[in-house]
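What follows is one structure encoded as structure tokens, with my remarks underneath.
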Amino acid sequence: MIEFESSLIIGVEEMDEQHMRLVALLNGVYKLLQEGKKEEALRFFKEELLAYTEYHLSEEEKFMEKIGYPELKNHKKVHEVFRREVQSLAPYIEKGDPKAFREALSYVWGWLYNHIAKTDKKYGIYAKERGLI
């Protein structure tokens with residue numbers, strides 16, 4: 001299971017709450033896998049985790065636009081790379097390929113953790129320094 005730790009707090013309440021939800025959803029997939037519920041885990045991964053991730057990325061981009069974040073264009077590019085990578089794994093996941101599912105889950109967690117702890121922190125700092133939050 002994954003803990004939402006202090007390194008993932010960026011200081012923007014709405015985004016921090018969404019990041020916590022992402023971690024909770026990842027934990028939901030892990031829990032289902034630990035219980036041997038592979039089909040449910042796959043469905044949850046696709047229908048809950050990936051759907052919420054897309055919602056979050058969209059909301060994050062809207063927030064950065066609202067605060068006039070100067071790195072918005074680059075940040076959007078990073079999001080797009082993530083979207084493409086997950087989409088490239090989708091056909092293998094759909095076929096029930098357990099290796100692809102593990103890779104996708106691992107990729108999503110690794111990407112989210114690093115993205116939040118490093119890249120997202122920057123817009124949190126930007127907003128805080130300018131009194132926007």
Side-chain angles (χ1 to χ4, degrees):
M1 300 301 252
I2 302 160
E3 286 187 45
F4 188 86
E5 53 190 48
S6 62
S7 65
L8 297 175
I9 294 173
I10 65 168
V12 177
E13 186 176 350
E14 180 183 356
M15 295 302 119
D16 285 336
E17 288 172 7
Q18 289 181 20
H19 292 152
M20 283 185 243
R21 174 81 175 132
L22 286 168
V23 170
L25 289 169
L26 275 164
N27 282 331
V29 175
Y30 280 119
K31 185 173 187 256
L32 289 168
L33 287 173
Q34 286 177 331
E35 294 170 355
K37 299 175 181 176
K38 292 178 186 172
E39 291 302 315
E40 286 181 51
L42 176 59
R43 182 198 57 74
F44 191 84
F45 178 80
K46 293 186 315 187
E47 296 175 12
E48 302 290 333
L49 177 60
L50 293 184
Y52 190 80
T53 300
E54 183 55 40
Y55 164 78
H56 166 67
L57 295 178
S58 175
E59 289 298 302
E60 192 173 79
E61 290 169 1
K62 287 177 195 172
F63 175 78
M64 289 185 288
E65 191 171 317
K66 183 176 121 184
I67 65 168
Y69 186 55
E71 291 296 314
L72 174 61
K73 186 176 178 180
N74 290 332
H75 203 110
K76 280 184 169 184
K77 285 179 186 177
V78 171
H79 285 176
E80 194 52 42
V81 169
F82 172 75
R83 288 176 175 114
R84 277 197 311 267
E85 184 64 29
V86 172
Q87 287 171 357
S88 74
L89 292 169
Y92 301 102
I93 295 168
E94 293 290 333
K95 290 179 185 174
D97 182 340
K99 183 177 181 235
F101 186 34
R102 283 191 308 274
E103 283 180 16
L105 194 56
S106 178
Y107 176 76
V108 169
W109 167 242
W111 188 89
L112 284 173
Y113 184 88
N114 286 316
H115 183 72
I116 294 167
K118 295 178 183 160
T119 309
D120 287 354
K121 284 260 190 196
K122 293 176 186 175
Y123 75 74
I125 292 167
Y126 176 86
K128 188 173 264 184
E129 286 176 346
R130 284 156 184 78
L132 301 170
I133 53 171

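Positions are given from 1 along the sequence.
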Are side-chain heavy atoms of [X] and [Y] found at a separation under 4.5 Å?
| X | Y | answer |
| --- | --- | --- |
| Val29 | Val108 | no |
| Val78 | His115 | yes |
| Tyr30 | Leu105 | yes |
| Tyr126 | Leu132 | yes |
| Lys37 | Lys31 | no |
| Phe101 | Leu33 | yes |

Intermediate values then yes/no, ring pair (Phe, Tyr, Trp, His ring centres under 6.0 Å), Tyr52 and Tyr55: CA-CA 5 Å; Tyr52 190 80; Tyr55 164 78; 5.5 Å; yes
Please check: side-chain N/O of Thr53 versus main-chain N/O of Leu49, any donor-acceptor pairing under 3.5 Å?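 Checking the backbone N and O of Leu49 against the side chain of Thr53, a donor-acceptor pair under 3.5 Å is found.
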Interatomic spacing from [atom1] in [X] to [atom2] in [Y] - rounded to 0.5 Å:
| X | Y | atom1 | atom2 | result |
| --- | --- | --- | --- | --- |
| Lys121 | Ile9 | NZ | CD1 | 7.0 Å |
| Glu5 | Leu8 | CD | CG | 5.5 Å |
| His79 | Glu54 | NE2 | CD | 9.5 Å |
| Leu72 | Tyr123 | CG | OH | 11.0 Å |

Salt-bridge present (Glu80, Lys76; N to O < 4.0 Å):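 Salt bridge: no.
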Is any NZ, NE, NH1 or NH2 atom of the basic residue among Lys66 and Glu14 found under 4.0 Å from an Asp or Glu carboxylate oxygen of the other?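 Looking at Lys66 and Glu14, the cut-off is not met.
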Does Phe63 have its ring centroid less than 6.0 Å away from the ring centroid of Tyr69?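 No - the distance between ring centres of Phe63 and Tyr69 does not fall below the 6.0 Å cut-off.
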If every non-hydrogen atom of [X] is compared with every non-hydrogen atom of [Y], which pair is closest and at what distance?
| X | Y | result |
| --- | --- | --- |
| Arg83 | Leu57 | NH2-CB, 3.5 Å |
| Ala104 | Phe45 | CB-CZ, 3.8 Å |
| Ile67 | Ala127 | CD1-CB, 3.9 Å |

Sequence neighbours left out, what passes side chain to side chain donor-acceptor pair (under 3.5 Å) with [X]? Give chain and number order.
| X | answer |
| --- | --- |
| Glu85 | none |
| Lys118 | none |
| Asn74 | Glu71 |

Flag if over 12 foreign heavy atoms under 6.0 Å of CD, Glu3: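 At most 12 heavy atoms, drawn from other residues, nucleotides or ligands, come within 6.0 Å of this atom.
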Result block: side-chain N/O donor-acceptor pairs under 3.5 angstrom for residues 15-23, not counting sequence neighbours:
{"unit_1": "Asp16", "atom_1": "OD1", "unit_2": "Ile10", "atom_2": "N", "d": "2.8"}
{"unit_1": "Asp16", "atom_1": "OD2", "unit_2": "Gly11", "atom_2": "N", "d": "3.1"}
{"unit_1": "Gln18", "atom_1": "OE1", "unit_2": "His56", "atom_2": "ND1", "d": "2.6"}
{"unit_1": "His19", "atom_1": "ND1", "unit_2": "Met15", "atom_2": "O", "d": "3.3"}
{"unit_1": "His19", "atom_1": "NE2", "unit_2": "His56", "atom_2": "NE2", "d": "3.1"}
{"unit_1": "His19", "atom_1": "NE2", "unit_2": "Glu60", "atom_2": "OE2", "d": "3.4"}
{"unit_1": "His19", "atom_1": "NE2", "unit_2": "Asp120", "atom_2": "OD2", "d": "3.1"}

Just to verify, what does Lys62 make a salt bridge (Lys or Arg N to Asp or Glu O under 4.0 Å) with, not counting sequence neighbours?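 Residues passing salt bridge (Lys or Arg N to Asp or Glu O under 4.0 Å) with Lys62: Glu59.
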Write out all pairs satisfying salt bridge (charged side-chain N to carboxylate O under 4.0 Å, His left out) with one or both partners inside residues 40-50, taking only residues at least two apart or from two chains.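 For residues 40-50, and leaving out neighbouring residues, the salt bridge (charged side-chain N to carboxylate O under 4.0 Å, His left out) pairs sorted by first residue read Arg43-Glu47, Lys46-Glu94.
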Hey, quick one: are Leu50 and Tyr107 part of the same hydrophobic cluster, counting side-chain heavy atoms closer than 4.5 Å, chains of contacts allowed?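 Yes, because Leu50 and Tyr107 connect within a single hydrophobic cluster, where side-chain heavy atoms sit under 4.5 Å apart.
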